[in-house]
Amino acid sequence: MLFQKIYNIVRFIPEGKVLTYKAIASHLGLKDIRLIGYALHGNPDTDNIPCHRVVKSDGSLAKGFAYGGPGIQKQLLQQENVNFDHEGKINLLKYLWEIPKEQSS
DNA sequence: CTTTTGACTGAGT
DNA sequence: AACTCAGCCAAAA
């Protein structure tokens with residue numbers, strides 16, 4: 001299942017790091033970026049899948065985030081020492097996690 | 001069983 | 001700059 005591959009990657013995002021929808025889709029060879037977000041929409045393992053560490057390609061947060069309410073995602077990231085700039089976006093050059101090849105299936 | 005739609009993005013109009 | 005279209009999976013209606 002494709003979703004499993006998505007979860008399998010998101011699940012390993014280390015603390016203080018983030019991943020973009022694009023990065024994940026690209027890693028899996030997908031063109032439809034929405035699948036990443038949609039996979040998280042039906043997030044089956046919220047305990048092991050840190051959906052708050054997945055952001056849009058420009059570093060801003062997904063608008064449809066509902067992990068406990070809008071704004072929660074930002075708080076969770078700040079708890080992990082992830083800084084937001086004046087636009088409320090993350091510095092991807094600094095926080096974007098490089099996906100190990102071993103994680104792909 | 002068929003249709004709709006959605007945590008996105010980049011190119012084309 | 002604002003809007004549309006394509007990409008093409010899975011769950012919900």
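Here is the naming used below: chain letters follow the sequence lines, and residue numbers restart at 1 for every chain. Fair warning: this is a prediction, and the values are worked out from it, not measured in the lab.
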### Query
Are any of A:Lys31's side-chain N or O atoms less than 4.0 Å away from OP1 or OP2 of C:dC8?
yes

### Query
Looking at A:Lys56, does any N or O in its side chain come under 4.0 Å of the phosphate oxygens OP1/OP2 on B:dA7?
no

Pairwise [atom1] distance for [N] and [M], with rounding to whole Å:
N     : M      : atom1 : answer
B:dT5 : C:dT4  : P     : 15 Å
C:dG7 : B:dT2  : P     : 22 Å
B:dA7 : C:dA13 : P     : 14 Å

Rounding to a whole Å, what distance do you find between [X]:[atom1] and [N]:[atom2]?
X       : N     : atom1 : atom2 : answer
A:Ile49 : B:dA7 : CD1   : C1'   : 13 Å
A:Leu28 : C:dC8 : CG    : C1'   : 14 Å
A:Lys63 : B:dT5 : NZ    : C1'   : 13 Å
A:Lys89 : B:dT9 : NZ    : P     : 11 Å
A:Leu40 : B:dT5 : CG    : P     : 22 Å
A:Ile36 : B:dG6 : CD1   : P     : 18 Å
A:Tyr21 : B:dG6 : OH    : P     : 15 Å
A:Ile6  : B:dA7 : CD1   : C1'   : 11 Å

### Least distance between heavy atoms, A:Glu80 atom then A:His52 atom
OE2-NE2, 3.2 Å

## Note on the structure
Smallest heavy-atom separation, A:Ile49 atom then A:Pro44 atom, equals CD1-CD, 4.2 Å

Does [X] belong to the same Ile/Leu/Val/Met/Phe/Trp/Tyr cluster as [Y], with side-chain heavy atoms less than 4.5 Å apart forming each link?
X       : Y       : answer
A:Tyr67 : A:Ile24 : no
A:Phe65 : A:Leu92 : no
A:Ile99 : A:Leu2  : yes
A:Leu96 : A:Leu76 : no
A:Tyr38 : A:Met1  : yes

### Message
Given C:dA10, C:dG7, B:dA7, identify the nucleotide with an atom nearest to the side chain of A:Phe3.
### Response
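The listed nucleotide nearest to A:Phe3's side chain is C:dA10.
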
### Task
Measure from the side chain of A:Leu35, starting at C-beta and using heavy atoms only, and say which of C:dC9, B:dA7, B:dT9 lies closest.
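When the side chain of A:Leu35 is considered, C:dC9 is the closest of C:dC9, B:dA7, B:dT9.
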
### Message
Counting the atoms with a prime plus P, OP1 and OP2 as sugar-phosphate, which does A:Leu2 contact under 4.0 Å by heavy atoms, base, sugar-phosphate, or nothing?
### Response
sugar-phosphate

#### Entry: DNA chain C: 5'-proximal contact among A:Tyr38 and A:Arg34 (nearest heavy atom)
A:Arg34

### Query
Of A:Ile33 and A:Met1, whose closest DNA chain C nucleotide lies nearer the 5' terminus?
A:Ile33

### Query
Any sub-3.5 Å donor-acceptor pair from A:Asp45's side-chain atoms to A:Asp47's backbone N or O?
no

### Task
Would you write the dot-bracket representation of DNA chain C, where each base gets (, ), [, ], | or . depending on whether it forms a Watson-Crick or G-U pair under 3.5 Å and with which partner?
.||||||.|||||

